[in-house]
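Values reported hereafter were calculated over all heavy atoms of this structure, with side chains retained and with hydrogens, waters and symmetry mates removed.
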Amino acid sequence: MGLLIIPFYHHKKSIVEDPSFCSWISSCASLGDETIVHGFYHDRMDRTDKLSELFWTRIYTQQEAEFLGIEKKVAFRRLVEAKKMFMSLRWSTRGFIAPGWLFDASLLEWLPEVGYAYTVAIDRIILFENPSTSSIFSFSHCWSNRSAWRRAASIVWNSWLKRGNILSKKRYVRVGLHPEDSDYPAIWKQVEKSIKDFLELGMHPETYGSLVKS
């Protein structure tokens with residue numbers, strides 16, 4: 001399983017200030033889970049949105065598209081700082097996933113420069129160290145739980161996506177979860193049923209990192 005970790009969530013508290021959380025993540029990693037850098041602050045504090053970004057920053061997310069329209073020097077500073085923080089905790093630093101999967105194309109040039117081996121968009125896995133397979137198409141199952149209509153829409157969307165994945169016999173299927181998803185019985189029921197059905201088809205869990213140079 002991949003654990004998406006935000007180094008300094010909403011500018012409130014660094015993960016290194018929470019020893020119990022870091023200990024729990026380290027224990028998960030020791031059992032085979034993969035630590036993945038998930039943005040740095042996961043917000044757009046002190047940023048001015050362009051008109052073309054308003055849908056993504058105000059509706060699709062709640063001002064959390066941190067790496068959409070970000071300046072290169074700011075991005076590099078955050079990417080490097082996150083990597084250093086993970087390394088100090090002896091966690092894997094191979095992967096980076098932008099909040100909301102939202103980023104400009106230039107980020108795909110910056111990430112390997114800083115030493116990341118892969119990232120993902122909503123519809124694909126991008127492997128920087130695999131020249132023969134640089135991109136694997138795979139839409140992510142994911143649920144939005146912050147309002148009733150979003151939860152209902154998520155259930156419809158994921159039902160459709162699951163059906164398509166099964167009918168097309170996709171080799172790779174992604175399932176992304178938020179901690180709060182388990183608070184909503186309808187969502188959690190669909191999550192459990194989807195994973196069960198995929199496993200019964202002969203699929204098995206893999207980390208993104210296992211795909212690098214595979």
Side-chain angles (χ1 to χ4, degrees), residues 1-8 15-16 21-22 24-42 65-68 70 72 75-142 161-162 164-165 168-179 191 194-195 198-199 201-214:
M1 182 168 64
L3 305 173
L4 278 64
I5 302 166
I6 305 162
F8 212 120
I15 55 173
V16 297
F21 172 77
C22 292
W24 177 71
I25 293 293
S26 294
S27 67
C28 291
S30 70
L31 296 173
D33 292 334
E34 181 178 17
T35 52
I36 303 170
V37 177
H38 185 41
F40 192 81
Y41 295 115
H42 209 284
E66 179 183 3
F67 279 78
L68 182 65
I70 195 170
K72 182 176 182 178
F76 263 72
R77 183 168 63 248
R78 296 181 186 183
L79 293 169
V80 170
E81 184 61 28
K83 184 173 276 288
K84 287 181 179 178
M85 192 179 294
F86 274 41
M87 290 175 67
S88 72
L89 295 165
R90 298 184 179 181
W91 294 349
S92 168
T93 61
R94 304 175 83 191
F96 174 87
I97 298 179
W101 303 291
L102 295 170
F103 54 86
D104 297 315
S106 52
L107 183 68
L108 301 181
E109 300 175 3
W110 303 341
L111 287 172
E113 290 183 40
V114 181
Y116 291 95
Y118 69 85
T119 189
V120 301
I122 191 172
D123 63 346
R124 65 195 188 279
I125 305 164
I126 303 164
L127 308 172
F128 301 122
E129 298 181 7
N130 297 39
S132 61
T133 311
S134 58
S135 188
I136 299 172
F137 181 78
S138 175
F139 243 102
S140 181
H141 287 264
C142 191
L161 182 60
K162 174 188 165 186
N165 282 331
S168 61
K169 298 181 179 179
K170 285 288 185 183
R171 182 179 178 187
Y172 297 106
V173 174
R174 296 158 57 199
V175 178
L177 303 174
H178 298 95
V191 168
S194 297
I195 293 174
F198 291 140
L199 292 174
L201 287 172
M203 295 184 174
H204 62 274
E206 284 189 74
T207 62
Y208 290 122
S210 68
L211 301 177
V212 178
K213 290 188 175 178
S214 62

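In terms of heavy atoms, Phe96 sits closest to Leu107 at CE2-CD2, 4.0 Å. Considering all non-hydrogen atoms of both residues, Gly115 and Lys83 come closest at O-NZ, 3.4 Å. When every heavy atom of Cys22 is checked against every heavy atom of Trp91, the shortest pair comes out as O-CZ2, 3.6 Å. Counting all heavy atoms, side chain and backbone alike, Phe67 lies closest to Pro99 at CD1-CD, 4.3 Å. When every heavy atom of Ser92 is checked against every heavy atom of Glu34, the shortest pair comes out as OG-OE2, 4.2 Å. Shortest non-hydrogen contact noted between Arg174 and Arg124 is NH1-N, 3.5 Å.
The OH atom of Tyr118 lies 11.0 Å from the CD atom of Glu129; values are rounded to the nearest 0.5 Å. Between the CZ atom in Arg90 and the OG atom in Ser26 there is a gap of 9.5 Å [rounded to 0.5 Å]. For the atom pair CD1 (Ile125) and OG (Ser134), the distance works out to 12.0 Å, reported to the nearest 0.5 Å. Interatomic distance, His141 NE2 to Ile195 CD1, rounded to the nearest 0.5 Å: 10.0 Å. Taking CG of Leu211 as the start and CD1 of Ile136 as the end, the distance is 5.0 Å to the nearest 0.5 Å. Remark: Met85 CE to Phe8 CZ distance equals 7.5 Å, nearest 0.5 Å.
In this structure the side chain of Ile25 never reaches within 4.5 angstrom of the side chain of Ile15, judged on heavy atoms. Looking only at side-chain heavy atoms (C-beta outward), Val120 and Ser140 stay at 4.5 Å or farther from each other. Between Leu108 and Phe103, some side-chain heavy-atom pair lies under the 4.5 Å cut-off. Counting heavy atoms from C-beta outward, Phe128 and Leu111 have side chains that approach closer than 4.5 Å.
The backbone N or O of Ile126 lies less than 3.5 Å from no partner atom in the side chain of Thr119, so there is not a single donor-acceptor pair. Between the side chain of Glu66 and the backbone N or O of Tyr41 there is at least one donor-acceptor pair closer than 3.5 Å. Within the 3.5 Å criterion, the main-chain N or O of Phe86 finds no donor-acceptor partner in the side chain of Thr93. With Tyr116 contributing its side chain and Leu79 its backbone, the two residues share a donor-acceptor pair below 3.5 Å. Put simply, the side chain of Thr207 never gets that close to the backbone of Gly2: no donor and acceptor are under 3.5 Å apart.
For the residue pair Tyr208 and Arg94, no side-chain donor N or O sits within less than 3.5 Å of a side-chain acceptor on the partner.
In terms of the ring-ring contact (aromatic ring centres under 6.0 Å, His included) criterion, Trp101 has no residue partners (sequence neighbours excluded). Partners of Leu4 according to the side-chain contact (heavy atoms from CB on, under 4.5 Å) rule, which considers only residues two or more places apart in sequence or in another chain, are Ile36, His38, Ile97. In terms of the ring-ring contact (aromatic ring centres under 6.0 Å, His included) criterion, Phe40 has no residue partners (sequence neighbours excluded).
By the 30° and 60° cut-offs, the orientation of the rings of Phe137 relative to Phe139 is perpendicular.
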Next item on the list: Let me see the working for Ile5 and Val37 under side chain to side chain contact (heavy atoms under 4.5 Å, CB included), right down to the final yes or no.
Entry: CA-CA 5 Å; Ile5 302 166; Val37 177; over 6 Å; no

